[in-house]
Amino acid sequence: MAIKPVLKMGDARLLQVAERVEKFDTYELKNLIQDMHDTMEAKDGAGLAAPQIGVGLQVVIFGVEKNSRYPNVEDVPYTVLINPVLKPLTQGMEEDWEGCLSVPGMRGMVPRFSRVSYQGFDQHGKSIDRNVDGFHARVVQHECDHLQGILYPMRITNFRTFGYTEVLFPGQKLME
Ligand code: NI
């Protein structure tokens with residue numbers, strides 16, 4: 001389909017709360033998800049939310065396959081998640097580095113719940129219900145935040161660990 005331009009932080013559309021998807025299995029939804037997939041792949045993202053390509057709907061995709069370019073990432077299955085509901089399964093938070101296609105070239109340490117459950121639907125309306133931890137939990141919290149108009153820098157508690165990727169991790173190829 002098409003690689004779409006990704007909106008950058010500062011664009012008011014990234015701050016809006018996304019609307020629920022009411023109809024599944026539609027041509028429009030299939031196209032949206034294909035565009036999101038193509039955009040995420042082209043830009044080496046671990047995930048993408050529909051508002052990042054200017055579509056204010058509760059649709060996120062994410063997924064990471066371990067490969068030689070990113071030997072240190074944990075596998076996360078490719079997932080299309082619509083109308084998600086996220087619940088922490090612990091009070092415990094973990095800090096780790098995050099990046100975002102809407103905040104290109106930067107990294108920050110972000111606290112996230114270490115274990116969460118999430119419910120939602122795939123593009124056909126089939127229900128999804130998972131308990132996850134580690135990087136999977138981090139990615140889904142980051143993507144679902146986009147649907148509430150929240151970008152990861154808004155979650156940073158210590159701005160001494162926020163900076164340019166090329167300075168923080170010189171010579172390393174990292175996913176956004
Ligand atoms: Ni993001």
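We count residues from 1, following the sequence as given. Remember, it's 1-based here, ligands and their atoms both numbered in the order they're listed.
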Practice task
Check whether the ring centres of Phe62 and His142 lie less than 6.0 Å apart, and answer yes or no.
Solution key: no
Exercise for the section: Could you count the protein N, O or S atoms found under 2.8 Å away from the Ni ion (ligand 1)? Expected result: 3
Practice task
Identify, with sequence neighbours excluded, every residue that meets ring pair (Phe, Tyr, Trp, His ring centres under 6.0 Å) alongside Tyr164.
Solution key: none
Exercise for the section: Would you tell me whether Tyr118 and His136 have side-chain atoms, one donor and one acceptor, within less than 3.5 Å of each other? Expected result: yes
Handout entry: Counterpart residues, salt bridge (charged side-chain N to carboxylate O under 4.0 Å, His left out), relative to Arg115 (two or more places apart)
Key = none
Handout entry: Heavy-atom pair of closest approach, residues Ser102 and Leu7
Key = OG-O, 2.8 Å
Handout entry: Asp38: partners by salt bridge (charged side-chain N to carboxylate O under 4.0 Å, His left out), with sequence neighbours left out
Key = none
